[in-house]
Colleague: 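Please see the structure below; I have some questions.
A quick note: this is a predicted structure, and the numbers were derived from the prediction, not measured.
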Amino acid sequence: MEPALTILIFMGVITITAVIFVIWVIASILGTIFRGACSLFAPLPPMPAATRGRVCSNSRCQAVNPGVANYCRRCGSELAPSQRVHVRRVAMW
């Protein structure tokens, strides 16, 4: 009788663990779907301004990217080509 009770308790613990795991997986999937759906309608939070860089042309993003970037770091849209300004450097003694 004792081995049967041990096996029954063991199977109960395994069943409860499996149920909790399945609930956790379903909650994670639904949370991911909900966050993805909400991000389609919510504006992106402002990105901290940098001293130099190129501003994204996407009206929802407006992130400041490095001057050498071809694509926005935040939303991935293509940036307008940068204009080259020739600067004459002078030696300072």
Side-chain angles (χ1 to χ4, degrees):
M1 180 91 173
E2 189 174 309
L5 183 62
T6 305
I7 292 173
L8 187 62
I9 292 173
F10 179 73
M11 294 302 288
V13 169
I14 295 295
T15 304
I16 291 171
T17 304
V19 168
I20 291 173
F21 178 72
V22 167
I23 291 172
W24 175 76
V25 168
I26 291 172
S28 297
I29 291 171
L30 290 177
T32 303
I33 291 171
F34 180 72
R35 274 184 305 228
C38 288
S39 69
L40 293 175
F41 302 108
L44 296 172
M47 196 169 177
T51 56
R52 296 183 182 182
R54 297 166 56 185
V55 178
C56 179
S57 58
N58 184 348
S59 61
R60 288 182 57 208
C61 181
Q62 299 291 318
V64 178
N65 295 283
V68 295
N70 293 328
Y71 296 94
C72 179
R73 284 179 152 179
R74 180 175 234 185
C75 68
S77 44
E78 189 172 6
L79 299 173
S82 62
Q83 297 177 351
R84 293 269 177 181
V85 178
H86 295 288
V87 178
R88 185 174 163 198
R89 302 193 85 159
V90 209
M92 300 289 287
W93 298 94

Colleague: Please table the atom pairs, donor to acceptor, closer than 3.5 Å between any side-chain atom in residues 12-34 and protein atoms at least two apart or in another chain.
Modeller:
{"residue": "T15", "atom": "OG1", "partner": "M11", "partner atom": "O", "Å": "2.7"}
{"residue": "T17", "atom": "OG1", "partner": "V13", "partner atom": "O", "Å": "2.8"}
{"residue": "S28", "atom": "OG", "partner": "W24", "partner atom": "O", "Å": "3.0"}
{"residue": "T32", "atom": "OG1", "partner": "S28", "partner atom": "O", "Å": "2.9"}
{"residue": "T32", "atom": "OG1", "partner": "R35", "partner atom": "NH2", "Å": "3.3"}

Colleague: Using a 3.5 Å distance criterion without hydrogens, assess whether the side chain of R54 forms a donor-acceptor pair with backbone atoms of A69.
Modeller: yes
Colleague: Listed by chain and number, what are the side-chain contact (heavy atoms from CB on, under 4.5 Å) partners of S77, not counting sequence neighbours?
Modeller: C56, N58, C72, C75
Colleague: Exactly one of N65, V55, N70 should register a side chain to side chain contact (heavy atoms under 4.5 Å, CB included) with L79. Which one does?
Modeller: N65
